[in-house]
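Everything on this sheet refers to the single structure shown next.
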Amino acid sequence: VQLQASGGGLVQAGGSLRLSCVASRSFFYINAMGWYRQAPGKERELVASMTRAGSTNYGNSVKGRSSISRDNAKNTMYLQMNSLKPEDTAVYYCNVNTGVDSWGKGTLVTVSS
């Protein structure tokens, strides 16, 4: 599955962004999807995930400030992030699992203080 993420950019602290990720295959074939991020010098971490049934899970650092959603008709998943903090600065990657993990190339989010 090929993934194309977009929506990153520079935003001030307290602002919001919505990331999008378009998949080359129908979500019908996807077991789970998610967003991860990797800040400089840090390991990749989970931001949010969603199962095919729609159950969601969020990383502790973004819980209450982020929301993952999807549009099955468009094969697109979204990550809405609010109340952004400088520590949210990272490259954000979308991921889907079809039994095999597929990753997008990432989109950079920079939050200025």
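Computed from a prediction, not measured in an experiment: that's the story for all the values here. Excluded from the calculations below are hydrogen atoms, water molecules and symmetry mates; all remaining heavy atoms, backbone and side chain alike, are included.
No side-chain donor-acceptor contact under 3.5 Å links Y93 to the backbone of G34. Within the 3.5 Å criterion, the main-chain N or O of G59 finds no donor-acceptor partner in the side chain of S61. Listed for the R52 side chain is no donor-acceptor partner under 3.5 Å among the backbone atoms of M33.
For the pair W35 and N95, the minimum side-chain heavy-atom distance is 4.5 Å or more. A heavy-atom distance below 4.5 Å is not found between the side chains of L79 and S67. No side-chain heavy atom of N97 sits less than 4.5 Å from a side-chain heavy atom of I30. In this structure, the side chains of V47 and Y58 stay at 4.5 Å or more apart for every pair of heavy atoms. Residues D88 and R65 have side chains in contact (heavy-atom distance under 4.5 Å, counting atoms from C-beta outward). A 4.5 Å side-chain heavy-atom check between V1 and T98 finds at least one atom pair inside the cut-off.
V96 and W103 are assigned to two separate hydrophobic clusters, defined by single-linkage of ILVMFWY side chains at heavy-atom distances under 4.5 Å. No path of Ile, Leu, Val, Met, Phe, Trp and Tyr side chains, each step under 4.5 Å between heavy atoms, connects Y36 with V62, placing them in separate hydrophobic clusters.
Legend: disulfide bond (SG atoms under 2.5 Å apart) pairs involving residues 4-101, not counting sequence neighbours, sorted by first then second residue: C21-C94.
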Exercise answer: donor-acceptor pairs, residues 105-113 side-chain atoms, under 3.5 Å, sequence neighbours excluded:
unit_1: T107; atom_1: OG1; unit_2: G8; atom_2: N; d: 3.1

Show every donor-acceptor pair shorter than 3.5 Å between a side-chain atom in residues 38-46 and any protein atom, with sequence neighbours excluded, or say none if there are none.
unit_1: Q38; atom_1: NE2; unit_2: K42; atom_2: O; d: 3.1
unit_1: E45; atom_1: OE2; unit_2: R37; atom_2: NE; d: 2.6
unit_1: E45; atom_1: OE2; unit_2: R37; atom_2: NH2; d: 3.1

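Evaluation of the ring pair (Phe, Tyr, Trp, His ring centres under 6.0 Å) rule for Y78 yields no partner, not counting sequence neighbours. When the side chain to side chain contact (heavy atoms under 4.5 Å, CB included) test is applied to S16, the partners found at least two apart in sequence or on another chain are Q80, N82.
Summarising the local packing, CD of E87 is surrounded by more than 12 heavy atoms from other residues, nucleotides or ligands at distances under 6.0 Å.
A distance of 10.5 Å separates OG of S20 from CE of M77, quoted to the nearest 0.5 Å. Between atom CG of residue L3 and atom CG of residue N75 there is a gap of 10.5 Å, rounded to the nearest 0.5 Å.
Other members of the cluster containing Y29 are F28, with ILVMFWY side chains joined at under 4.5 Å, either directly or via other members.
The two residues M50 and T56 come nearest to each other via the heavy atoms CE-CG2, 3.7 Å.
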Before you tell me yes or no, could you show the steps for K74 and V22 under side-chain contact (heavy atoms from CB on, under 4.5 Å), namely the whole-Å CA-CA distance, both residues' side-chain angles and the distance that decides it to 0.1 Å? CA-CA 8 Å; K74 297 181 179 179; V22 181; over 6 Å; no
